[in-house]
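Okay, structure first, notes after.
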Amino acid sequence: MDLGHLLHLLIPSCNSVVILALFFAYLAIAGSILPGKVVPGATLPDGYRLHYRCNGLLSLLLLIGLLGFGAKMDFVSLTAISDRGFELLSTTFLFSVLVTLVLYAAGCKSSNRGSSLKPHVTGNLLHDWWFGIQLNPQFMGIDLKFFFVRAGMMGWLFINLSVLVRSIQDGTLSQSMILFQLFCVLYILDYFFHEEYMTSTWDIIAERLGFMLVFGDLVWIPFTFSIQGWWLLSNNVELGTAAVVANCLTFLIGYMVFRGANKQKHVFKKNPKAPIWGRPARVIGGKLLASGYWGIARHCNYLGDLLLALSFSLPCGISSPVPYFYPIYLLILLIRRERRDEARCAEKYKEIWAEYRRLVPWRILPYVY
């Protein structure tokens, strides 16, 4: 593909704008009216707590049903996304830039002193635009941070499914494509099944909403996490039985560690006295969980995340580094994030954190790191 043709494909079109607008409109309406468990968020410094309607799974399944019906009636094309991948990429990127500029301007004008909407302005425009000014900006009653995370995860799934349909139509469907699609579908469905766990993550409770998060949710997650599917469209990979078994084990172990660790942390925050693995939880200083996965490594959930990312790429074989972009990127990201987490926790918990480090010496992978 020459550069001129690539640049032409990156030019946003009316169709890509319409697809993106309809997607966001559906999520806004479905998220507001469909039934779902209402989960209280973390208590903010001013004592206020946001509440989140966790109906992402129902919204996702309904949209899949509507698209399936629309395709059967010839109202929509299931390959619309895979046919316009680059257009949608550039359109979503431009939307991320514009919406974060609006968030920056609105935040600067805000006089709200509550923790959720209080402006945090450093005076450095680039810094404030990148990291955001407000913790939980809203639009028409919709918490934008939670909304964009949901949009990114759903976008990832629909890109993958559109690529799958294209593969079937082109007659290139392979065992590798099936494995990749299966692992991603299971992971994303599980995410929405446990969507309430997202409300206790660092991004939701502490990060302000700026370009970093918006771009990460809307562009980075859906368009880079799906690289393996795009690659498999034009590359045939034959996997042996041993490779398939190893790939499945990597996914299962990664899922067990990732979901188990996050669930233990979420349950602990809701009820510190809840048992872990059938035993009373060991707590350091009344604040830090040191039982279960959190007694094995201080950031064991990152290990599960890395194994899952690796399982998404292993169906592509080892002939090219391109499908391994996601796990390589994630490894770098999580090591850097782990270092920042350590510094924040050391400052916040002081001697309690030092005691936790003595009790649990390993950062991510026991006996290695």
Side-chain angles (χ1 to χ4, degrees), residues 14-41 49-82 84 88-89 91-92 95-96 98-100 102-103 116 136-165 181 184-201 203-204 209 213-223 225-226:
C14 291
N15 286 331
S16 61
V17 172
V18 169
I19 290 173
L20 195 63
L22 289 175
F23 178 55
F24 287 148
Y26 169 81
L27 289 184
I29 295 171
S32 300
I33 66 175
L34 291 180
K37 182 179 180 181
V38 178
V39 178
R49 301 182 77 177
L50 293 174
H51 288 76
Y52 301 91
R53 185 184 297 273
C54 296
N55 56 9
L57 182 60
L58 181 57
S59 299
L60 174 62
L61 296 178
L62 178 59
L63 183 53
I64 291 175
L66 291 173
L67 290 174
F69 176 77
K72 186 175 182 179
M73 301 300 293
D74 290 327
F75 293 152
V76 298
S77 169
L78 296 181
T79 60
I81 298 176
S82 56
R84 297 178 175 84
L88 285 168
L89 171 61
T91 303
T92 309
F95 173 81
S96 300
L98 291 174
V99 75
T100 47
V102 173
L103 287 173
S116 184
N136 299 109
Q138 298 187 357
F139 177 72
M140 298 179 65
I142 298 172
D143 182 85
L144 293 178
K145 189 189 293 184
F146 196 66
F147 177 84
F148 288 145
V149 173
R150 178 179 289 182
M153 293 299 292
M154 286 194 189
W156 177 20
L157 177 62
F158 285 113
I159 289 175
N160 282 349
L161 293 180
S162 186
V163 167
L164 175 63
V165 174
Q181 294 285 347
C184 288
V185 166
L186 290 174
Y187 177 82
I188 296 169
L189 288 178
D190 174 80
Y191 169 87
F192 283 109
F193 185 79
H194 298 98
E195 190 177 30
E196 67 176 279
Y197 295 173
M198 186 65 193
T199 63
S200 60
T201 61
D203 285 353
I204 292 293
L209 186 63
L213 283 188
V214 175
F215 173 83
D217 291 337
L218 298 184
V219 180
W220 194 258
I221 288 176
F223 289 98
F225 291 12
S226 57

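For clarity, every value in this text was computed on a predicted model and none was experimentally measured.
- Of all heavy-atom pairs between Arg53 and Ser32, the closest is NE-O, 4.0 Å.
- The shortest distance between side-chain heavy atoms of Leu89 and Val219 falls below 4.5 Å.
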- Task: Apply ring-ring contact (aromatic ring centres under 6.0 Å, His included) to Phe139 and Phe147, showing your working.
- Result: CA-CA 10 Å; Phe139 177 72; Phe147 177 84; 9.3 Å; no
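- Ser162 places a side-chain N or O within donor-acceptor distance of the main-chain N or O of Ser82, the cut-off being under 3.5 Å.
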For residues 151-160, which side-chain N or O atoms pair as donor and acceptor with protein atoms under 3.5 Å away, sequence neighbours left out?
| residue | atom | partner | partner atom | Å |
| --- | --- | --- | --- | --- |
| Trp156 | NE1 | Phe225 | O | 3.4 |

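- Among residues two or more places apart in sequence or in another chain, the side chain to side chain contact (heavy atoms under 4.5 Å, CB included) test is passed with Val39 by Lys37, Cys54, Glu196, Thr199, Lys270.
- Between Met198 and Ile204, some side-chain heavy-atom pair lies under the 4.5 Å cut-off.
- Take Ser16 and apply the side chain to side chain contact (heavy atoms under 4.5 Å, CB included) test, not counting sequence neighbours, and it matches Pro12, Ser13, Glu87, Leu88, Thr91.
- From Leu161, atom CG reaches atom CG of Leu78 across 9.0 Å, with rounding to the nearest 0.5 Å.
- Minimum interatomic distance between Arg150 and Asn55 (heavy atoms only, all atoms of both residues): NH1-OD1, 2.9 Å.
- Distance check: Phe148 CZ to Ile142 CD1 gives 9.5 Å after rounding to the nearest 0.5 Å.
- Taking the side chain as every heavy atom from C-beta outward, Leu50 and Ser116 approach each other to under 4.5 Å.
- Contact between Ala80 and Ile19 at its shortest, heavy atoms only, is CB-CD1, 4.3 Å.
- In this structure, CG in Leu213 is found 12.0 Å from CG in Leu144, a value given to the nearest 0.5 Å.
- How far OH of Tyr187 is from CZ of Phe192: 11.0 Å, rounded to the nearest 0.5 Å.
- Scored by the side chain to side chain contact (heavy atoms under 4.5 Å, CB included) test, Met73 finds Phe69, Phe75 as partners (sequence neighbours excluded).
- Note that CG of Leu66 and CG of Leu61 are 11.0 Å apart. Values are rounded to the nearest 0.5 Å.
- Counting only distance, with no hydrogens or angles, the side chain of Tyr26 and the backbone of Leu63 share a donor-acceptor pair below 3.5 Å.
- Scanning both residues, Asn15 and Arg84, for their nearest heavy atoms gives ND2-NH2, 3.3 Å.
- A distance of 11.0 Å separates CG of Leu57 from CG of Leu62, quoted to the nearest 0.5 Å.
- Closest approach of Lys145 and Asp203 over heavy atoms only: NZ-O, 3.1 Å.
- Evaluation of the side chain to side chain contact (heavy atoms under 4.5 Å, CB included) rule for Ile29 yields Ile33 as partners, not counting sequence neighbours.
- Scanning both residues, Leu103 and Val214, for their nearest heavy atoms gives CD1-CG2, 4.5 Å.
- Remark: His194 engages Tyr197 in a ring pair (Phe, Tyr, Trp, His ring centres under 6.0 Å) (not counting sequence neighbours).
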